[in-house]
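Sequence lines set the chain letters: A, B, ... in the order given, protein chains first and strands last, and positions in each chain run from 1.
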Amino acid sequence: MTASVIAHAGDLVELYDVIVVGAGPAGMSAAALMSAEGLSVLVLDENPAPGGQIYRHITLNAQTKRPYLGAAYWAGRPIAAVFMTSALTYAPRCRVWSLDSANPSLDEPYARVGISLGGVARHVQARRVILATGALERPMPVPGWTLPGVMTAGAAQIALKSAGLVPSGRVVLAGCGPLLYQLAVQLKDAGADIVALLDTGGGLRRGWRYLPSFLVSPYALKGAALLFKARRSLRVVSGVRRLQVEGRDRATAVRFKTDRFEETLTVDHLLLHQGIIPDTALANSAGCALEWNETLRAFQPRTDDRGCSSLPDIFIAGDGARMAGALASAEAGRAVALAVMAELSPGDAHPFEARRQGTLRECARLQRGRPFIDTVYLPARHFLAPEDESTVVCRCEEVTVGAIRRAARRGVTGPNQLKVFTRCGMGPCQGRMCGSTVAELLADEQGTEPGDIGTYRLRPPIKPLRLSEIAALPHGDADTFAVTGLHPENATDASPSLTERALCDDR
Amino acid sequence: MFRRLAPISQAVSFEFEGRPMTAEKGESVALALLASGIQSCRDSVVSGEPRGPYCLMGACFECLVVIDGVPSCQGCQVEVKAGMRVVRQSGARSMDEATPS
Ligand SMILES: Cc1cc2nc3c(=O)[nH]c(=O)nc-3n(C[C@H](O)[C@H](O)[C@H](O)COP(=O)(O)OP(=O)(O)OC[C@H]3O[C@@H](n4cnc5c(N)ncnc54)[C@H](O)[C@@H]3O)c2cc1C
Ligand code: FES
């Protein structure tokens, strides 16, 4: 058996039992399990190959050619192999730009997923949708972070995994979290010249109470080995309090400050990373309720113990539900799949439930030790809610810390109003690069928590879509007008993306 | 800039700002540019500062370029193809001109 891999929207059928968005460990595991039980499953992912973030490009890379990617990466091989030999439909290079829950009163009995595949947009329907959209790197706004030459550490990893590219010249990594260390070691093994790793975390004091459970967890040994390797082979500077990027047209130096000293390093590349946060874009645009996770300092979709969101036909699995790591994400994907199977099975749901309990236990075991990591690696306050007034927060519209803090003091009620006043979050990234900082800054000024502030409400399309694609959607002109404000005959191939249209119209 | 760990095995020729470039088949436009020593691919909308790819995973929109005349293409999400003409995306988004504010 092999998965049916499709490249054209015309190859899709109208209705599937389950649509899974995301082919990372969570999505692949969920889809494989459900298809084995005979459900019709469609998996959509924008990347050219399965794997998600951790196992990016796993089916295309040869271990002999890229050994530096490490054992945790190659562990994705069997997961992807099972996925690719399952009786399911898989659409790579497919962007999912909208999601609507079923609405029987409006004669919409199934959930509707807006996709763009092979240059054609379409809606596909499903009885249940599982979002396994993973995580994004938490933005790390520091002075000068918009200069070319500054990237996220994850971006450097993507270049390495998907194209065998390493940053040349002098490389500095800055920020905090286990992934930062892992990346530093990966890049070093691949031959990059890592000048220093500047650790901005400061949470060791907070995390002690979780230490005992961490020490007996699967993370302890791996984590210790990683830290040991990083500290032995790299210059690691702990307790970095301030960070500033210098340069005119590109980053040329990084100035940093600890409690003890100040130093300037010349650089060709600065890689920033301060942890990852759930990618809630699709859930948010579908209207799933979000909640504030204080431990992770991030918004996540509210889910019940089955992984069901606040909308009954939309389930969420993996890092997109809450940060859990790759192994636990795969297990969480299976648990959510079993919950969905129990709902859809015409007969007795009991066998699924028993299996689900086992999966949940395994998931919990894999996550032992996680609170220690989450607490210890929580970014320091001043990197979450920066003080320096001139630092850009919204990269698209170039809105600064100062502008946001002033607006907060004038009493803006939340991110959506801030957007209207300052254009913050109004650019094409739709707030992915500023949302978490904005919530932290507003909370800081108003003496409350981001959970009380909330975050941007997203509107579809959450991924770029050409007007010509919208125009060609098999639906009425009224629909097109409702979404774009334009009549379809005005759309051409050279039309700017609808994301921009939607955002510009937002003014 | 980025360096290739292995030499190009299947070359794809494309153009950036009229200059000939070579990429590996299958890689994205953004990666092809980074590997060719181009760090900045656009100017920001408000102050016209140079910007370049930041996340490489489709989230930040810093990699916007004009491809074969089509503006606002996400370079990190588009596979490089033989004969592609890629141009910097400069100044205000073209939408700003087309949309009444
Ligand atoms: C840049 C980055 C690098 C990481 N590297 C590592 C690592 O090396 N090691 C490690 O242990 N953990 C890593 N992580 C954490 C890691 O993401 C997870 O623990 C694990 O991959 C989570 O699995 P998942 O299945 O939940 O989501 P993911 O693996 O993130 O998979 C989600 C998939 O959904 C796709 N997707 C999302 N939205 C859409 C949409 N609208 N349309 C179409 N497709 C969509 C994404 O492109 C992606 O392929 C990384 C995270 C990030 C953000
Ligand atoms: S580099 Fe971030 S979207 Fe392309």
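- The SG atom of A:C94 lies 4.0 Å from the CD1 atom of A:I115; values are rounded to the nearest 0.5 Å.
- Heavy atoms of A:R395 lying under 4.5 Å from chain B belong to its backbone as well as its side chain.
- Across B:S47, B:G58, B:C73, B:C76, the residue that shares the most heavy-atom pairs under 4.5 angstrom with chain A is B:S47.
- Atom NE2 of residue A:H269 and atom CZ of residue A:R170 lie 12.5 Å apart, to the nearest 0.5 angstrom.
- Contact of A:R95 with chain B is not made at all, since no heavy-atom distance falls under 4.5 Å.
- Contacts between A:L60 and chain B at a heavy-atom distance below 4.5 Å are absent for every atom of the residue.
- When heavy atoms are compared at a cutoff of 4.5 Å, B:Q39 approaches chain A by way of both its backbone and its side chain.
- Here the closest non-hydrogen pair linking A:S116 and A:L465 is CB-CD1, 3.8 Å.
- Note: A:P148 leads A:P148, A:G149, A:A159 in heavy-atom pairs under 4.5 Å with chain B.
- In this structure, B:V86 and B:V29 have side chains that are in contact, with non-hydrogen atoms separated by less than 4.5 Å.
- For the pair A:D268 (side chain) and A:G169 (backbone), a donor-acceptor distance under 3.5 Å is absent.
- Heavy-atom distances place no part of A:L271 under 4.5 Å from chain B, backbone and side chain included.
- For the atom pair A:I276 CD1 and A:L136 CG, the distance stands at 9.0 Å (nearest 0.5 Å).
- Ranked by heavy-atom pairs under 4.5 Å with chain A, the first of B:G26, B:P50, B:A32 is B:P50.
- With a threshold of 4.5 angstrom between heavy atoms, A:P48 does not approach chain B through any atom at all.
- With a 4.5 Å cut-off on non-hydrogen atoms, B:C41 does not touch chain A at all.
- Atom OG of B:S28 sits about 8.5 Å away from atom CG of B:L33, to the nearest 0.5 Å.
- Remark: A:K161 is not positioned above the aromatic ring of A:Y73, lacking an NZ or CZ atom under 6.0 angstrom from the ring centre and at most 45 degrees off the axis.
- Contacts between A:Q157 and chain B at a heavy-atom distance below 4.5 Å are absent for every atom of the residue.
- If you measure heavy-atom distances from A:R93 to chain B, the contacts under 4.5 Å come from the side chain alone.
- Of the two parts of A:A192, only the backbone, made up of N, CA, C and O, holds a non-hydrogen atom closer than 4.5 Å to a non-hydrogen atom of chain B.
- Options B:E24, B:E79, B:M1 differ in how many heavy-atom pairs under 4.5 Å they form with chain A, and the most are formed by B:M1.
- When all heavy atoms are compared, the tightest approach of A:Q186 to A:L160 is O-CD2, 4.3 Å.
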